[in-house]
Amino acid sequence: MGVFHFAKSYTGTLCVLLASLAMSACTSTSSTTSSSPTSVDALQLTSTSASLSGGGALQVVKDLPAPQNTQNGSEQPLSPNDVLEVNVFQVDNLNRIVQVDAGGQISLPLIGTVIAAGKTVRQLEQEIESAYGANYLQSPDVSVFVKESIGQRVTVDGEVTKAGIFPVSSNSSLIDAIALAGGFNNVGDAKKVFVYRNVGPNTLVANYNVEQIRAGKSRNPRIYGGDKIVVFASKSKIALNNLKDALGVASSAARIGALVP
């Protein structure tokens, strides 16, 4: 009888223990499944990269790095359609206001065409001085001023009040760029703001939550000339194809805007 009573008691205790553990496991699993993520993720991705038709790839990243030409504090290079004022000290008849053409060149008196795109202002000044000094002037002093910079513009598209291409300063932020476009329209989602940036041969894109930025919970990223910002609607599901399509539309708008004087 004593052995039987012990076995019965042991079996009952074991069953209670196993049932307790099972309930604990179920509660833990349910809690893990139902808990919301600490940050909003607007992406529904099966892949984080895709090929682009013009070469390179579109890559989804958590945060965008600074453009390669500004990472060490270097000056942003000149771009096609930039408007430059070229002055040659004490030789007024050589002074010109010129626009960098689609091929990246400018045309100047005596020395003809000079490649400007891809160079900094200082590099261009030195090249023009060398060209004039080789055959025409003794120790020329050339100054180049950027009157209008296409490279210092950003495209803001999607669900904003006023989509377009806007000039930005050297310290403009994402919040500044959204403000230039008049803020979000009535369906724009502040959690679904995507910024595209060319880095080397590829285009990187990152999702920024403007709600969290405004609340001081996330940093306000710097925006650089050439960036494209797209705001999606609140009910939209974001997949890689959506991001590719949006980049194509924004890039087309940027090219059209670049042709407007």
Side-chain angles (χ1 to χ4, degrees), residues 38-43 58-71 73 75-83 146-199 203-238 242-261:
T38 55
S39 61
V40 175
D41 182 6
L43 298 171
L58 175 65
Q59 298 179 349
V60 179
V61 296
K62 184 176 181 181
D63 201 12
L64 291 172
Q68 291 177 340
N69 52 48
T70 63
Q71 285 177 353
E75 189 180 345
Q76 181 161 324
L78 298 168
S79 302
N81 298 300
D82 284 354
V83 178
V146 181
K147 293 180 67 67
E148 184 177 345
S149 175
I150 297 299
Q152 285 302 108
R153 295 180 181 182
V154 297
T155 302
V156 186
D157 208 344
E159 305 301 337
V160 290
T161 302
K162 184 179 64 175
I165 301 170
F166 304 93
V168 291
S169 64
S170 59
N171 59 354
S172 291
S173 68
L174 177 57
I175 296 294
D176 295 330
I178 295 295
L180 288 171
F184 303 107
N185 64 21
N186 58 351
V187 298
D189 193 335
K191 299 184 292 295
K192 296 177 181 176
V193 179
F194 290 83
V195 182
Y196 298 80
R197 179 171 300 155
N198 294 329
V199 178
T203 299
L204 308 185
V205 59
N207 175 209
Y208 292 99
N209 185 331
V210 172
E211 276 188 1
Q212 291 187 351
I213 294 171
R214 286 174 172 167
K217 297 179 181 179
S218 298
R219 72 179 187 88
N220 185 14
R222 180 177 164 186
I223 294 299
Y224 295 86
D227 285 353
K228 298 176 182 66
I229 301 163
V230 179
V231 178
F232 284 83
S234 56
K235 294 183 179 180
S236 60
K237 292 184 178 180
I238 313 301
N242 302 83
L243 296 177
K244 280 184 64 176
D245 292 344
L247 174 62
V249 172
S251 296
S252 297
R255 285 195 294 270
I256 293 169
L259 300 176
V260 178

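Nothing fancy with the numbering, it's 1 onward along the sequence.
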[X] side, atom [atom1]; [Y] side, atom [atom2] - distance, nearest 0.5 Å:
X: Leu180; Y: Ile165; atom1: CG; atom2: CD1; answer: 13.0 Å
X: Glu159; Y: Asn185; atom1: CD; atom2: CG; answer: 4.5 Å
X: Asn81; Y: Arg153; atom1: CG; atom2: CZ; answer: 8.5 Å
X: Asn171; Y: Ile223; atom1: CG; atom2: CD1; answer: 12.0 Å
X: Leu174; Y: Asn220; atom1: CG; atom2: CG; answer: 6.0 Å

Subject >> Steps toward side-chain hydrogen bond (donor to acceptor under 3.5 Å, both in side chains) verdict (Thr203, Asn198) >> reply: CA-CA 4 Å; Thr203 299; Asn198 294 329; 2.9 Å; yes

Of all heavy-atom pairs between [X] and [Y], which one has the smallest distance, and what is that distance?
X: Ser218; Y: Gln212; answer: OG-OE1, 3.1 Å
X: Gly188; Y: Val231; answer: CA-CG1, 4.2 Å
X: Thr155; Y: Ala250; answer: CG2-O, 3.8 Å
X: Arg197; Y: Arg222; answer: NH2-O, 3.2 Å
X: Ala246; Y: Tyr196; answer: CB-OH, 3.6 Å
X: Pro65; Y: Val199; answer: CG-CG2, 4.2 Å

Subject >> Ile238 backbone acceptor or donor facing Lys192 side chain under 3.5 Å >> reply: no

Subject >> side-chain contact (heavy atoms from CB on, under 4.5 Å) partners of Ser172, counting only residues at least two apart >> reply: Val168, Ser169, Asp176

Subject >> Test side-chain contact (heavy atoms from CB on, under 4.5 Å) applied to Asp63 - qualifying residues, sequence neighbours left out >> reply: Tyr208, Arg219

Subject >> Option among Asp189, Val187, Asn242 that satisfies the side chain to side chain contact (heavy atoms under 4.5 Å, CB included) test with Phe232 >> reply: Asn242

**OP:** Would you check if Leu64 and Tyr224 make a side-chain contact, meaning some heavy-atom pair closer than 4.5 Å?
**Re:**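 When only atoms from C-beta onward are counted, Tyr224 and Leu64 do not touch, as no gap falls below 4.5 Å.
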
**OP:** Begin from the C-alpha positions of Leu58 and Leu247 and carry the test side-chain contact (heavy atoms from CB on, under 4.5 Å) through to its verdict.
**Re:** CA-CA 9 Å; Leu58 175 65; Leu247 174 62; 4.2 Å; yes

Subject >> Test side-chain contact (heavy atoms from CB on, under 4.5 Å) applied to Asp157 and Lys228, step by step >> reply: CA-CA 8 Å; Asp157 208 344; Lys228 298 176 182 66; over 6 Å; no

